[in-house]
Number of protein chains: 2
Amino acid sequence: MAAQRRSAPVPRLDARRAEICRAAAQIFRDRGFDATSVSDIARALGLTKAGLYHYFDSKEALLFDIMSFGLDRVRDEVVVPVRAIRDPEDRLRQLIVRHARITTRGQGAVAHLGDEIRALPPASRKQLEERMRVYFDLIRDTLAELKSAGRLRHVDLTVAAFSVLGMILWLPRWFRQDGRLTQEQVANDIANLAIGGLIAPARSSQAHRKGLRKMQPRRHEDTKKN
Amino acid sequence: MAAQRRSAPVPRLDARRAEICRAAAQIFRDRGFDATSVSDIARALGLTKAGLYHYFDSKEALLFDIMSFGLDRVRDEVVVPVRAIRDPEDRLRQLIVRHARITTRGQGAVAHLGDEIRALPPASRKQLEERMRVYFDLIRDTLAELKSAGRLRHVDLTVAAFSVLGMILWLPRWFRQDGRLTQEQVANDIANLAIGGLIAPARSSQAHRKGLRKMQPRRHEDTKKN
DNA sequence: AACGACCTACCGACCGGTCGGTCGGGCGGA
DNA sequence: TCCGCCCGACCGACCGGTCGGTAGGTCGTT
């Protein structure tokens with residue numbers, strides 16, 4: 001189903017497959033998976049439908065590879081670096097900023113194909129959904145840490161986690177690279193909005209609380225398993 | 001294109017059309033517009049494809065009517081009641097809560113067909129996008145009011161408005177009516193998160209600021225045009 | 001250097017099947 | 001009798017996918 005790896009001598013083929021994925025992701029994003037024909041993708045790459053099928057077993061397999069590639073990016077550039085951050089507030093901020101950066105950079109077309117997952121057969125769908133759940137749990141666990149440290153506003157963890165996700169995943173639908181706003185500006189604004197909404201308002205002055213926080217012992221485990 | 005109104009003697013026909021819209025909206029939401037055939041919709045209603053075409057000119061027209069119906073709900077149950085609220089913070093809170101309620105109630109399937117708008121011909125699409133823009137502007141203008149009153153956190157208005165929208169429009173994708181959370185609980189949590197993230201942190205105590213606010217003269221126009 | 005075996009990359013033609021949409025007509029109540 | 005409602009049969013277009021075939025390069029053997 002996925003692009004199968006051979007032992008060693010196939011760098012060329014995989015490179016072409018990646019190229020095809022990039023082009024297909026863009027068209028799928030613009031027109032939708034169902035509304036895009038395999039010939040459309042082939043034409044955009046300067047070859048025929050039959051030629052495309054030299055690289056992919058099916059249209060569904062192509063979509064699966066694209067989405068897997070997107071999830072790889074999130075894992076490598078968000079999940080892994082962010083897990084190393086001890087303070088849950090810092091971790092959450094980095095998570096938002098890093099994820100936002102992925103979705104706003106050029107080839108980030110990959111990121112918001114989430115709806116098209118229903119076009120996949122159940123087995124593939126389950127596999128991708130499982131990877132998404134891992135990511136969701138990272139967010140939810142981070143919020144739980146904040147909560148047990150008394151630093152979270154009174155709010156349901158699930159609602160909070162999905163709302164943060166909503167802000168991030170909505171971003172690629174409206175952000176224009178050639179627009180007025182820069183990636184960094186948008187990423188920071190969203191992080192500020194989310195964290196401002198999540199963190200419990202200080203009872204005393206901001207500075208005082210901030211000082212106190214650093215002195216207090218952590219009540220929660222420092223790093224989560226996995 | 002849309003369900004055309006006749007002078008008087010067609011209450012029956014419009015009722016049936018509404019029934020069809022409701023059923024179709026649900027299937028479109030579950031399987032996607034392109035992946036749903038007209039026969040699928042007809043079967044769900046206990047009639048044939050040809051029978052369905054007695055009520056609608058085309059599959060696209062059906063989608064257009066569904067989306068128009070959804071926008072009507074937002075207009076009647078969110079925009080209109082909310083415009084009457086003077087205080088921008090209260091207005092924003094009501095907007096979020098009311099919109100969230102629409103998207104989480106049973107037949108709210110209508111609300112998150114937003115992606116499928118690309119299946120429509122440009123003319124219809126423009127028409128719906130214009131209505132959406134009006135709604136977006138309501139949010140943005142409300143935030144601008146907060147800003148000019150010095151009550152908004154330092155954040156770009158466009159980013160803030162889209163982020164609020166993202167939280168709301170993401171809701172129907174994860175909310176389950178038979179789940180643990182109630183509509184009201186979720187709606188209130190989201191409103192608290194959004195407003196907590198948007199409103200500038202108080203410099204003095206919460207109560208003091210709240211008292212002050214009510215005394216201060218408004219610097220912005222009380223009600224926007226349109 | 002010449003040759004044939006073999007490979008990747010790709011194409012034109014074609015297939016079974018499904019789609020949105022049409023048409024002529026049946027049928028039941030006013 | 002007429003009209004709103006609905007059906008079975010059908011159409012052309014297009015879809016995802018397959019098939020046989022080929023141009024061009026690499027490699028081992030002679």
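Computation of the quantities below employed the complete heavy-atom set of this structure, encompassing side-chain atoms and omitting hydrogens, waters and symmetry-equivalent molecules. In the text below, chain A, chain B and the rest are named by the order of the sequence lines, each starting its count at 1. Remember, it's a predicted structure, so these values are computed and weren't measured experimentally.
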How close or far is atom [atom2] of [N] from atom [atom1] of [X], stated in whole angstroms?
X	N	atom1	atom2	answer
A/Arg16	C/dT8	CZ	P	16 Å
B/Leu63	C/dG20	CG	P	12 Å
A/Leu52	D/dC15	CG	P	14 Å
A/Phe56	D/dG17	CZ	P	13 Å
B/Asp57	C/dG20	CG	P	16 Å
A/His54	D/dG20	NE2	P	17 Å
B/Ile41	C/dG20	CD1	P	8 Å
A/Arg43	C/dC11	CZ	P	13 Å

For residues 184-195 of chain A, please give each side-chain donor-acceptor pair under 3.5 Å, one per line with the distance, not counting sequence neighbours.
| unit_1 | atom_1 | unit_2 | atom_2 | d |
| --- | --- | --- | --- | --- |
| A/Glu184 | OE1 | A/Arg101 | NH1 | 2.9 |
| A/Glu184 | OE2 | A/Arg101 | NH1 | 3.0 |
| A/Asn188 | ND2 | A/Glu184 | O | 3.1 |
| A/Asp189 | OD2 | B/Asp156 | N | 2.9 |
| A/Asn192 | OD1 | A/Arg93 | NH1 | 2.8 |
| A/Asn192 | OD1 | A/Arg93 | NH2 | 3.2 |
| A/Asn192 | ND2 | A/Asn188 | O | 3.3 |

So if I take every side-chain heavy atom of [X] and compare against [options], which nucleotide ends up nearest?
X	options	value
B/Lys59	D/dG16, C/dG21, D/dC6	C/dG21
B/Lys49	D/dC7, C/dG20, D/dG16	C/dG20
A/Thr48	D/dC6, C/dG12, C/dT8	C/dG12

> Are the side chain of A/Arg91 and the backbone N or O of A/Arg86 linked by a donor-acceptor pair below 3.5 Å?
Replying inline: yes
>> For A/Glu77, is there any backbone N or O sitting under 3.5 Å from a side-chain donor or acceptor partner on A/Arg98?
In response: yes
>> Taking the nucleotide of DNA chain D with the nearest heavy atom to each, does A/Ser39 or B/Tyr55 sit closer to the 5' end?
In response: B/Tyr55
> DNA chain D: A/Ala50 or A/Thr36, which has the more 5' nearest nucleotide?
Replying inline: A/Thr36
> 5'-most contact on DNA chain C: A/Gly51 or B/Tyr53, nearest heavy atom basis?
Replying inline: A/Gly51
> Any side-chain heavy atom of A/Arg173 sitting closer than 4.5 Å to one from B/Phe162?
Replying inline: no
> Is the closest side-chain donor-acceptor distance between A/Arg131 and A/Ser68 under 3.5 Å?
Replying inline: no
